[in-house]
Visitor: 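I'd like to ask some things about the structure below.
Just so it is clear, the model here is predicted, and its values are computed rather than measured.
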Amino acid sequence: MSSTSPVTITPLGGLGEIGMNCMTVASDDHMIVVDCGLMFPDDYMLGIDVVIPRFDHILENKDRLRGIVLTHGHEDHIGALPWLLPYVDVPVYGSTFTLALVEGKLREHNLDRFVELREVAAGDRIELGDIAVNFFPVCHSIIQGFGLGIETPAGRLVHTGDFKIDPNPLHGNSTDLDSFREFSREGALLLLSDSTNVEREGHAPNEREIMSALSEIFRDAKGRIIITLFSSHIQRMQEVFDLAWQTGRKVAVSGRSIMANIETARRLGFLSIAEGVYVDMDQLVDLPDEECVLLVTGSQGEPLSALTRIASGEHRQLKIKKGDMVILSSRFIPGNVRAITRVINNLYRLGAEVLYERIASIHASGHAFKEELRLMLETVRPKFFVPVHGEYRHLVKHSRLAQACGVAPERTMVLEDGQPITFQPEGGIRFEESTPVDKIYVDGKGVGDVGATVIKERQLLGGEGLVIVFMVVDGEGWEILVGPNVESKGFVFEQHYSHLLDDAKCIVLDIFEAIPPGEETKLKERIRSSLRRFFRKILERDPVVVPLVVVI
């Protein structure tokens with residue numbers, strides 16, 4: 001770029017965690033957002049649907065914002081857009097398939113008429129003020145993913161997006177190292193590189209190996225094949241449909257997300273299905289088991305997914321039969337392992353055989369292993385290096401790999417969310433004051449109204465239960481008209497502990513006698529503290545005590 005200006009990188013999510021990838025790149029006059037993803041909640045986030053980044057930094061600078069650039073269409077890169085786009089008026093740039101997924105998401109939130117989506121192709125270059133973005137194709141577990149070459153007033157930045165390096169990809173989705181190399185020929189100021197699989201040595205398995213393994217399973221299976229995968233993995237779906245055609249099988253689908261993505265991919269020409277192979281679920285009833293393939297949702301053990309309902313015997317159309325072969329063609333995302341293993345155990349109880357990544361070569365990661373990360377570093381040869389997309393240990397190990405590849409130790413920075421870094425045109429760097437990046441919890445239609453305090457209360461309710469004390473008091477004579485009634489929810493089984501609750505009533509009566517007339521607030525506080533002490537002493541439990549005192 002012709003002008004000179006410092007450029008600040010501000011990570012808002014995705015550094016120190018898996019998911020919620022979001023980052024801003026800003027000069028003095030202009031700013032872009034790279035990705036806008038969500039994260040699925042951990043077990044302790046009771047009742048939370050999804051977790052999104054805090055967008056205060058973007059909204060405070062939205063007069064400089066020129067566009068949102070998406071590397072690919074996975075939820076951890078596009079899922080938070082519906083919560084940002086109502087507050088900014090800028091175009092969203094991405095590949096044809098990525099924007100098709102975004103459009104469906106916006107339609108669900110009634111935003112599709114208000115957002116401008118601009119398609120870009122591999123090799124395109126767009127100018128967003130004094131920042132320009134080049135799009136390089138990369139191989140990943142979703143089609144039409146991009147790495148980015150970002151031209152800024154301070155120098156050239158390379159953002160790999162999520163990638164792996166497959167020299168001979170099955171469907172032609174290769175990582176264009178030549179474009180990365182050519183863009184960096186004049187000197188790359190900074191490389192921001194995917195760190196997810198830095199702990200895994202060597203190279204990631206390629207899709208041809210997976211196709212070969214699946215081919216053997218399809219050929220040898222004597223009964224039905226039930227296969228689950230990420231609903232956006234169009235390449236793997238193509239393999240399933242191709243193998244079904246080659247082995248004389250029919251494929252039926254259960255799961256809204258997979259069905260929607262199949263239709264989108266077919267409409268855009270990214271998925272080709274032979275005539276008669278794709279059938280409705282009802283048509284499988286008349287087919288022999290050895291001719292049936294079921295493609296279902298539930299690769300992560302999601303409670304309402306098709307596979308989980310099948311495993312628990314709650315699916316309306318599908319029941320496990322002895323001899324069924326179930327294939328989990330996806331990785332176990334950390335945090336979901338317990339749910340997935342519960343599904344696997346239930347499937348075995350029902351008589352199925354289950355194959356998953358740890359015991360069979362049926363999934364290839366979409367993220368580069370250590371030697372591929374090394375190759376990207378050697379291709380770009382950056383002056384500075386910031387690892388992204390990974391937990392903290394991944395970032396540290398990736399920075400060490402960068403140092404082994406020749407990047408000076410003082411120029412490899414391990415950042416976390418909310419830690420901006422500024423690159424000066426003359427070559428220096430400056431660490432800026434942190435920006436707030438608290439995670440925002442989405443619970444139904446509520447956004448941000450559930451915080452750490454509410455989560456802690458939900459944990460207390462889930463772990464200790466609830467005791468409700470209800471009484472009606474005459475305000476003039478200060479006499480009890482109704483109650484006190486003591487009820488327990490999730491605390492004790494009332495029939496076994498009725499004597500304990502009767503003792504609690506006696507304590508409430510004693511407290512009432514000792515409280516002066518009209519002191520309603522004091523009465524509630526004394527009931528709450530006294531009953532908690534009582535339950536701790538007798539049962540070593542600490543329920544939430546809610547006194548409901550109605551004064552009339």
Visitor: F136 versus L148: any side-chain heavy-atom pair under 4.5 Å?
Guide: no

Visitor: Is a side-chain N or O of S184 found less than 3.5 angstrom from the main chain of R181, in a donor-acceptor match?
Guide: no

Visitor: Kindly list each side-chain donor-acceptor pair under 3.5 angstrom involving residues 259-266, sequence neighbours excluded, with atom names and distances?
Guide:
residue: N261; atom: ND2; partner: S231; partner atom: O; Å: 2.7
residue: T264; atom: OG1; partner: A260; partner atom: O; Å: 3.0

Visitor: For the side chain of Q300 and the backbone of R331, is there at least one donor-acceptor N/O pair under 3.5 Å apart?
Guide: yes

Visitor: For the pair H363 and F230, name the ring-plane relationship: parallel under 30°, tilted 30 to 60°, perpendicular over 60°.
Guide: perpendicular

Visitor: Less than 4.0 angstrom from a charged side-chain N to a carboxylate O is my criterion; do K370 and E199 meet it?
Guide: no

Visitor: Is there a donor-acceptor contact under 3.5 Å from the side chain of E60 to the main chain of I58?
Guide: no

Visitor: I'd like to know if E108 pairs up with K105 as an ion pair, taking the criterion as any Lys NZ or Arg NE/NH1/NH2 lying under 4.0 Å from an Asp or Glu carboxylate oxygen.
Guide: no

Visitor: Taking E372 for the side chain and A204 for the main chain, is one N or O donor matched with an acceptor at less than 3.5 Å?
Guide: yes

Visitor: According to ring-ring contact (aromatic ring centres under 6.0 Å, His included), who are the partners of F135, at least two apart in sequence or on a separate chain?
Guide: F146

Visitor: May I have all residue pairs that pass ring pair (Phe, Tyr, Trp, His ring centres under 6.0 Å) and include part of residues 106-128, sequence neighbours excluded?
Guide: W83-H109

Visitor: Look at the side chain of S5 and the backbone N and O of S27, then say whether any donor-acceptor pair between them is shorter than 3.5 Å.
Guide: no

Visitor: For D76 and N21, which I'm curious about, is there any donor-acceptor pair between the side chains at under 3.5 Å?
Guide: yes

Visitor: Could you note down all residue pairs passing salt bridge (charged side-chain N to carboxylate O under 4.0 Å, His left out) where residues 13-35 supplies at least one of them, sequence neighbours left out?
Guide: E17-K439

Visitor: In a check of side-chain contact (heavy atoms from CB on, under 4.5 Å) between C405 and each of R374, R400, M376, which one passes?
Guide: R374

Visitor: Under a 4.0 Å threshold between the charged nitrogen and the carboxylate oxygen, would R125 count as salt-bridged to E151?
Guide: yes

Visitor: Examine the side chains of H74 and S232 and answer whether a donor and an acceptor come within less than 3.5 Å of each other.
Guide: yes

Visitor: Extract all donor-acceptor atom pairs below 3.5 Å that involve side chains of residues 378-389 and protein atoms in other chains or at least two apart in sequence.
Guide:
residue: T379; atom: OG1; partner: L375; partner atom: O; Å: 2.8
residue: R381; atom: NE; partner: E378; partner atom: O; Å: 3.3
residue: H389; atom: ND1; partner: D162; partner atom: OD1; Å: 2.8

Visitor: Distance only, no hydrogens: is a donor on one side chain within 3.5 Å (strictly under) of an acceptor on the other, for H394 and S195?
Guide: no

Visitor: With Q238, which residues qualify under side chain to side chain contact (heavy atoms under 4.5 Å, CB included), at least two apart?
Guide: H171, D242, L271, S272

Visitor: Determine whether the side chains of Q419 and S434 contain a donor N or O and an acceptor N or O closer than 3.5 Å.
Guide: no

Visitor: Under a plain distance cut-off of 3.5 Å, with no hydrogens placed, do T422 and T8 share a side-chain donor-acceptor pair?
Guide: yes

Visitor: Would the distance check show the side chain of K164 and the main-chain N or O of F369 forming a donor-acceptor pair, the cut-off being under 3.5 Å?
Guide: no

Visitor: Please determine whether a side-chain nitrogen of the Lys or Arg among R118 and E116 lies less than 4.0 Å from a carboxylate oxygen of the Asp or Glu.
Guide: yes

Visitor: Mind checking whether T297 and V253 have side chains closer than 4.5 Å, heavy atoms only?
Guide: no

Visitor: Would you call I234 and I142 a side-chain contact if the rule is heavy atoms closer than 4.5 Å?
Guide: no

Visitor: Any side-chain heavy-atom pair from I18 and E391 closer than 4.5 angstrom?
Guide: yes

